[in-house]
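Accompanying notes for the structure given below.
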2 protein chains.
Amino acid sequence: MKFIIQKDYLVRSVQDVMKAISSRTTIPILTGIKIVAHEEGVTLTGSDSDISIESFIPTEENGKSVVDIERAGSIVLQAKYFSEIVKKLPKDTVEIEVENHFMTKIKSGKAEFNLNGLDAQEYPLLPQIEDQNVFQLPTDLLKHMIRQTVFAVSTSETRPILTGVNWKVYNSELICIATDSHRLALRKAKIAAGKLAADFQANVVIPGKSLNELSKILDESEEMVDIVITDYQVLFRTKHLLFFTRLLEGNYPDTSRLIPDNSKTDIMVNTKEFLQAIDRASLLARDGRNNVVKLSTLANNMIEISSNSPEIGKVVEEIQCESIEGEELKISFSAKYMMDALKVLESTEIRTSFTGAMRPFLIRTSNDDSIVQLILPVRTY
Amino acid sequence: MKFIIQKDYLVRSVQDVMKAISSRTTIPILTGIKIVAHEEGVTLTGSDSDISIESFIPTEENGKSVVDIERAGSIVLQAKYFSEIVKKLPKDTVEIEVENHFMTKIKSGKAEFNLNGLDAQEYPLLPQIEDQNVFQLPTDLLKHMIRQTVFAVSTSETRPILTGVNWKVYNSELICIATDSHRLALRKAKIAAGKLAADFQANVVIPGKSLNELSKILDESEEMVDIVITDYQVLFRTKHLLFFTRLLEGNYPDTSRLIPDNSKTDIMVNTKEFLQAIDRASLLARDGRNNVVKLSTLANNMIEISSNSPEIGKVVEEIQCESIEGEELKISFSAKYMMDALKVLESTEIRTSFTGAMRPFLIRTSNDDSIVQLILPVRTY
């Protein structure tokens, strides 16, 4: 194998596949990056066996030469060293050549590295996924849907299925749901049916960690991402990137009955003012009081946010609301859960719908039902 | 105590005194910030008993009102909560009032905090330092002198005196020296003798940690800092800030004989090229080889930087030097020490002076003897 490549393309590709590589893997060859040089360009692969990422660098892009392949071939190089080396090379082009016994020469300007490589034949093969049921989402919408749900997954391994996000596809709609059993985030969107059978349905659970890594690797753009859901894997495909993740096994709980369809108190309030008041009230609640704050309705469309930690002190703040409809209310909830929900709602006004101090309540934007946040209150009375 | 204050002044002052406060102190009241309101303004104090910082906020600055004192008095408030609260207050002004039993009300807009305070009478008094021997340095020069020496202090407690920087004053000159016994950094500068006796001399050791905190708290400016050295304390004084640090007890080793006054090989080289080549060579040397790289002189004013870790690979790079004078040389040294030294030299060209592969060598800028870096080589032959 021998090729000369533009350094910035190589650095970018290495950074992308590094997101799948873990230093704590039990399979030694997975600490490496697989590099394959072929007629069309260079393909890099990284994997921790849960997530696998393949990045392709074409020989030319936009009429500009990117890679010059002198001899096809393949090698696996230690990711930890290779990634640091390419970042710090002195010139804009890099020559990479595999010599005897997988010894690989990396040359740029007057700097020359010789790295001990491993046989690429030993690297596990990526799953073959057939292009049967492909649907599409714009990259920025996909990133949004991930951000608006993944924060609500459970971080505890007591119910492993809750560490993932439930993705359901039917009627040309994708619904993403995450819950840690104290709160729930739901986001839905119409999908573009690329090559999707009209009656295609899917109901899978994608590890939260995988979605976080996917989101980091995707640029904010309107380009379409192909999504292929199979029984054990999901593949996300962009122009030069393949991102595979395994699925979580098991049945995701039925969350549809959790969401109340009526309410007794409805509050419309400015998101930022509400968020900042809760943030302030939580300052004194963090240590002793499990970060619980209290909301009480007052007269004249005012609410009061408060918290009291006898050892430290107390805080109280009034907020003018847009409107308060229905019954009076005093309710306590986790400030962290409320702030998490408000931060992803991306709306200047929000509506919270309560059905009493003991029942889960909903937070929504004023006129968009594609996103719902649900929080269970804390009993303090 | 009751006053109304501009929030940005309060936030800045709290941040400054927070640098002295440690959550791990054994003296409970030192987890608090002492606040004193008096006729001239408000004074905040933080201390971990090694470092004490006092920040003064005047009632007005540049003709603009900053603090409105309604009732003089004092209180100690938990630093952890108070610092977070002031940062997150909603309005530009803050009202602080001590009520019964040291309960303190902090009000801004519609947000009202009540914090349990402590009696300021219980707060330890800061040392009284008499203004006998004051000298001065511009703030930016002081920050430079700290940065160029403090990195070389020892991080090990086996010889506690080496965790400090040796400050010597005589002949209207300040000399700062730090060494961890493998390398040494020396920086000197003329001082402005504010109120200094002509024959004033000092030889003290200031904890490296104190100098790091001092450097963070000082703005990059040309304003003068007053420095008062006493037997047990040093005081740094700027317009609105007092910074006290205790000194390390014990005798600092005599380092003057460590610095060789002749050399056998002198190399002049571009600092950035040299630094980057060493950085690259160290990439493979970090794990197995204790970060040791090799420098060899070649013909035609070239040097070679290399490193070899049999399990990982090797790296070699040639650099064109400005000049090489004297004997041929092969020498090994810590890449980290060399990079630390080169980063603080702030010169496009540097001169390294060697007296053989086993002797300490010097790194200096081409035409300035106010800064010297010394490194002990590593024996590998």
Side-chain angles (χ1 to χ4, degrees), chain A residues 23 31 77-78 80-91 99 101-117 272-273 275-288 298 302-320, chain B residues 23 31 77-78 80-91 99 101-117 272-273 275-288 298 302-320:
Chain A
S23 55
T31 61
L77 296 177
Q78 283 304 301
K80 183 177 148 192
Y81 298 106
F82 184 62
S83 64
E84 285 295 310
I85 289 169
V86 296
K87 256 190 284 181
K88 294 195 168 166
L89 289 172
K91 299 290 176 189
E99 298 177 328
H101 304 293
F102 309 116
M103 175 62 79
T104 304
K105 189 166 77 187
I106 303 161
K107 229 178 126 172
S108 179
K110 282 180 180 154
E112 184 180 312
F113 288 82
N114 283 275
L115 274 190
N116 301 329
K272 198 174 155 192
E273 281 175 34
L275 176 62
Q276 291 180 345
I278 288 168
D279 193 10
R280 281 189 283 271
S282 85
L283 285 176
L284 303 188
R286 265 176 215 162
D287 295 327
L298 307 175
M302 300 286 277
I303 53 173
E304 182 188 271
I305 306 292
S306 63
S307 128
N308 186 1
S309 302
E311 335 73 75
I312 307 162
K314 60 183 179 182
V315 47
V316 56
E317 179 162 357
E318 290 179 6
I319 309 173
Q320 178 70 53
Chain B
S23 55
T31 61
L77 295 178
Q78 283 304 300
K80 183 176 147 193
Y81 298 106
F82 184 61
S83 64
E84 285 295 311
I85 289 169
V86 295
K87 256 190 285 181
K88 295 195 168 167
L89 289 173
K91 298 289 175 191
E99 299 177 329
H101 304 295
F102 310 116
M103 176 62 80
T104 305
K105 188 167 76 186
I106 303 161
K107 227 178 130 173
S108 179
K110 284 182 180 154
E112 184 180 313
F113 288 82
N114 283 276
L115 274 190
N116 301 330
K272 197 173 155 194
E273 282 176 32
L275 176 62
Q276 291 181 343
I278 287 168
D279 193 9
R280 281 188 283 270
S282 85
L283 285 177
L284 303 189
R286 265 176 216 163
D287 295 327
L298 307 174
M302 301 286 277
I303 54 172
E304 182 188 272
I305 306 292
S306 62
S307 128
N308 186 2
S309 302
E311 334 72 76
I312 307 162
K314 60 184 178 182
V315 46
V316 55
E317 178 162 357
E318 291 179 7
I319 309 173
Q320 179 69 54

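Looking only at side-chain heavy atoms (C-beta outward), A:Leu89 and A:Ile85 come within less than 4.5 Å of each other.
The backbone N or O of B:Ser282 lies less than 3.5 Å from no partner atom in the side chain of B:Ser307, so there is not a single donor-acceptor pair.
With a 4.5 angstrom heavy-atom cutoff, A:Glu84 touches chain B via backbone and side-chain atoms both. Residue A:Gln78 does not touch chain B at all, counting heavy-atom pairs closer than 4.5 Å.
No more than 12 heavy atoms of other residues, nucleotides or ligands shown are found within 6.0 angstrom of NZ on B:Lys107. Enclosure of atom NZ in B:Lys314 is not indicated, since only 12 or fewer non-hydrogen atoms of other residues, nucleotides or ligands lie within 6.0 angstrom.
When the candidates A:Met103, A:Lys110, A:Glu317, A:Arg280 are compared by the number of heavy-atom contacts under 4.5 Å with chain B, A:Arg280 comes out ahead.
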